[in-house]
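Written below as structure tokens is the structure these notes are about.
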There are 4 protein chains.
Amino acid sequence: MEFSSRQKQIIDASIELIARRGIQELTIRNLSEMVGISEPAIYRHFASKTEILLALLGFFGEQSEKTFKEIASRKASALNKLQAVFEHHFRYFGENSSFSAVLFSEEIFRNDSALSSKMFQIMQGARSHVLGFVREGQMSGQVREDIPADQLSLILIGALRLLVTQWRLSGFSFELVEEGGRLWEALLALLRV
Amino acid sequence: MEFSSRQKQIIDASIELIARRGIQELTIRNLSEMVGISEPAIYRHFASKTEILLALLGFFGEQSEKTFKEIASRKASALNKLQAVFEHHFRYFGENSSFSAVLFSEEIFRNDSALSSKMFQIMQGARSHVLGFVREGQMSGQVREDIPADQLSLILIGALRLLVTQWRLSGFSFELVEEGGRLWEALLALLRV
Amino acid sequence: MEFSSRQKQIIDASIELIARRGIQELTIRNLSEMVGISEPAIYRHFASKTEILLALLGFFGEQSEKTFKEIASRKASALNKLQAVFEHHFRYFGENSSFSAVLFSEEIFRNDSALSSKMFQIMQGARSHVLGFVREGQMSGQVREDIPADQLSLILIGALRLLVTQWRLSGFSFELVEEGGRLWEALLALLRV
Amino acid sequence: MEFSSRQKQIIDASIELIARRGIQELTIRNLSEMVGISEPAIYRHFASKTEILLALLGFFGEQSEKTFKEIASRKASALNKLQAVFEHHFRYFGENSSFSAVLFSEEIFRNDSALSSKMFQIMQGARSHVLGFVREGQMSGQVREDIPADQLSLILIGALRLLVTQWRLSGFSFELVEEGGRLWEALLALLRV
DNA sequence: AATGAATGAGGATTCATTCAT
DNA sequence: TATGAATGAATCCTCATTCAT
């Protein structure tokens with residue numbers, strides 16, 4: 001999916017808007033004000049509001065997929081790859097605090113089936129990549145095998161999500177990267193044989 | 001807080017509405033249709049829409065608090081108490097699938113400060129209770145001490161939340177109680193010394 | 001017209017409400033809150049909101065008429081009577097600042113013909129009494145005759161009204177009785193032969 | 001302040017509405033019907049109802065100020081200027097009977113502080129101009145000096161206002177300009193040395 | 001004499017979207 | 001590529017009033 005610069009501008013503004021003021025404030029009016037064009041002009045670039053959200057999710061999905069693939073291709077141990085996943089996400093959200101609001105608020109996309117299935121797809125992508133790394137770790141003997149890989153993945157992702165959510169709800173009141181580092185240490189201790 | 005039967009009816013309808021159709025569909029109109037009275041009639045029982053949501057959260061908060069306190073008072077080991085927390089929540093959400101939609105969707109309450117602080121309060125309550133149980137376990141030698149208690153709590157709650165969220169997003173496509181049981185087994189193995 | 005004590009209470013509350021918060025805040029709800037009874041209970045005492053306003057105007061009308069008649073019956077010169085009219089009104093409004101808001105805001109009663117004709121009647125009453133005093137003064141040689149009596153009445157009443165209105169709009173920021181005394185001195189100088 | 005033609009249309013309709021049916025009937029719905037557009041369309045041209053009333057008062061204020069300044073700049077005696085003020089207002093209201101309903105009904109604007117202060121400002125403007133003319137007359141020896149200028153102004157404006165109010169409440173049942181002429185004659189006789 | 005529950009009509013305002021230009 | 005003007009449907013909420021109790 002290629003987006004024009006105007007389209008990118010609109011997507012960025014959407015993310016900002018959702019992050020700063022919540023999904024209920026993502027209106028065409030607010031969007032057009034933020035971009036600096038008129039309301040109808042928005043419709044020159046996207047057929048509907050849903051289309052904007054779809055593009056937004058597509059953007060996240062692609063980024064996520066790309067990142068996971070890059071990490072997967074590294075010549076490194078499974079635990080190092082998992083660490084990279086954690087570090088990447090904490091750094092990424094830390095720098096783009098707006099994104100977490102969108103990515104961890106599935107509720108937002110409930111009403112439209114196209115949106116919610118796109119969301120589901122992104123979540124599944126991340127899940128299966130993490131699962132792959134965990135399995136890799138178990139096969140290489142780095143990760144404990146007494147617990148099923150899918151449970152471990154669930155625990156890993158659940159912890160990551162909750163930390164980011166707490167960070168966001170607390171008004172970004174702590175250093176996500178640092179706190180994330182501590183969380184990873186804890187998880188590492190749990191995973192290791 | 002005591003509620004009249006009509007008020008309870010309105011709260012129930014709100015939960016149903018949020019659960020089935022999402023927060024965006026929680027409108028006074030839909031609510032009044034569901035209850036079977038006119039829109040203005042709603043305002044005889046609650047001063048505003050915010051008041052309804054506040055009552056709804058208050059109801060959840062009280063229930064949650066009561067449950068945690070009951071479990072805390074049991075003569076049982078810390079791990080048994082944690083297990084009880086997990087079992088209770090999975091059974092509870094399993095039976096009232098609507099509730100999870102409300103409780104794990106903090107985004108919903110962002111725009112109103114009264115609501116979001118109430119939500120925060122409920123989350124903090126659960127968090128501190130779980131933390132207490134974990135500490136208890138560490139002191140009694142049941143729970144490993146090489147990982148800080150707050151990290152363990154985060155991991156526990158994060159896993160619980162994510163499982164419920166996946167269950168909900170998948171359209172309740174699996175048995176929450178069973179799957180929750182498996183998750184608890186995994187967590188138990190991780191926690192134990 | 002005789003009013004029950006509850007009815008008097010309602011009328012008083014109406015005056016207070018109009019005076020303190022304006023006619024737009026004279027709602028059955030606010031009224032019932034102020035009186036301390038339920039909304040339907042208001043309708044036990046008055047058939048409708050219009051009926052309340054009618055009673056309120058009737059009360060003012062009677063008081064006004066009584067006062068004018070009392071003054072008219074005094075054994076005093078015409079100018080003394082006029083002075084009494086001024087003194088009475090300034091003292092009366094000064095003590096019951098609420099009343100001026102009702103009496104000089106004819107706009108309030110426009111929509112209902114029963115109300116506006118009642119209002120008109122009260123105004124006409126005051127007007128004809130003042131006119132009578134002026135004529136009396138002209139006939140007795142106290143008041144200049146080069147200006148028609150009806151013009152003089154208009155000027156007298158207009159000045160009284162404007163002073164009270166300014167006092168009210170300024171938030172009762174000056175001593176009405178004192179300022180009214182000065183105004184009367186000025187008018188007296190104008191009226192005298 | 002420049003207004004689009006649609007905005008002028010809306011302001012005109014507001015004046016008409018207030019004049020013909022009273023402030024309580026100045027609703028967005030009635031306004032939109034009168035203008036011949038939908039209710040939301042009104043909001044394309046004014047951000048809120050208050051904004052409409054503010055524009056309306058601004059329009060009156062400007063007109064009033066302009067008129068007073070023009071009269072003040074004339075090479076004429078003070079009494080001639082005062083006469084011009086009276087003639088202008090009676091002619092103006094006679095031709096635009098609607099305006100008096102707005103301008104002399106301060107009660108209307110009580111609830112909104114922005115509106116009531118604008119109203120106060122307009123009133124003060126008129127007051128100080130009249131006061132200036134009276135002082136000018138006293139200094140030039142045209143106007144009697146035994147009565148303070150501010151009392152005379154109050155009397156002048158009070159009489160003007162009351163005549164217009166009576167005219168309006170009587171359903172425009174007499175010729176305002178003629179009757180206003182007679183009133184001015186009376187006032188002139190009072191003012192002159 | 002009073003009330004709890006209810007309502008039809010209407011209040012201001014916002015929404016996503018369309019259309020002519 | 002953009003906009004000014006518009007709108008149907010919906011938002012939350014308030015009003016005076018009624019009715020059964």
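Each chain gets a letter, A, B and so on, in the order its sequence line appears, and its residues count up from 1. Computed from a prediction, not measured in an experiment: that's the story for all the values here.
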Could you tell me how far apart [X] ([atom1]) and [N] ([atom2]) are, to the nearest whole angstrom?
X	N	atom1	atom2	value
B:Ile28	E:dG10	CD1	C1'	17 Å
B:Leu53	F:dT11	CG	P	15 Å
A:Leu115	E:dA16	CG	P	14 Å
B:Phe46	E:dG4	CZ	P	16 Å
D:Ile52	E:dT13	CD1	C1'	12 Å

*Using a 3.5 Å limit on both pairing distances, list the dot-bracket string of DNA chain F from the 5' end; Watson-Crick and G-U wobble pairs count, crossing pairs take [ ], interstrand pairs take |.*
.||||||||||||||||||||
Can you list, in residue-number order, the parts of [range] that come under 4.0 Å of DNA chain F, counting heavy atoms only?
range	value
residues 38-45 of chain D	D:Ser38, D:Pro40, D:Ala41, D:Arg44, D:His45
residues 5-17 of chain D	D:Arg6
residues 29-37 of chain C	C:Arg29

Under a 4.5 Å cut-off applied to non-hydrogen side-chain atoms, are [X] and [Y] in contact?
X	Y	value
A:Gln7	A:Glu2	no
C:Ile10	C:Phe3	no
A:Arg6	A:Ile37	yes
D:Ile52	D:Leu26	no
B:Leu31	B:Ser14	yes

*Quick one: which of E:dT17, F:dC12, F:dA16 gets closest to the side chain of B:Thr27?*
F:dC12
*Measure across A:Ala13 and A:Met34 and return the closest heavy-atom pair with its distance rounded to 0.1 Å.*
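Distance-wise, the nearest heavy atoms are O-SD, 3.6 Å.
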Kindly compute the distance separating [atom1] ([X]) from [atom2] ([Y]), expressed to the nearest 0.5 Å.
X	Y	atom1	atom2	result
B:Thr27	B:Ile42	OG1	CD1	10.0 Å
B:Ile11	B:Leu53	CD1	CG	10.0 Å
B:Ser5	B:His45	OG	NE2	8.5 Å

*Tell me which of C:Ala47 and B:Gln24 sits closer to the 5' end of DNA chain F, going by the nucleotide each one is nearest to.*
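Of the two residues, B:Gln24 wins.
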*More 5' along DNA chain F: B:Glu25 or C:Leu26, using each one's nearest nucleotide?*
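Result: B:Glu25.
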*Is the backbone N or O of C:Gly61 less than 3.5 Å from a side-chain atom of C:Lys118, with the two atoms forming a donor-acceptor pair by type?*
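Answer holds: no.
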*Residues in salt bridge (charged side-chain N to carboxylate O under 4.0 Å, His left out) with D:Glu16, at least two apart?*
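Result, salt bridge (charged side-chain N to carboxylate O under 4.0 Å, His left out) vs D:Glu16: D:Arg20.
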_Those residues that, when tested against C:Arg44, pass salt bridge (charged side-chain N to carboxylate O under 4.0 Å, His left out) (two or more places apart)_ =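 Checked C:Arg44 against salt bridge (charged side-chain N to carboxylate O under 4.0 Å, His left out); zero matches.
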*Using the six-membered ring wherever Trp is involved, compare the ring planes of D:Phe99 and D:Phe60 and label them parallel, tilted or perpendicular (cut-offs 30° and 60°).*
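Geometry flag for D:Phe60 against D:Phe99: perpendicular rings.
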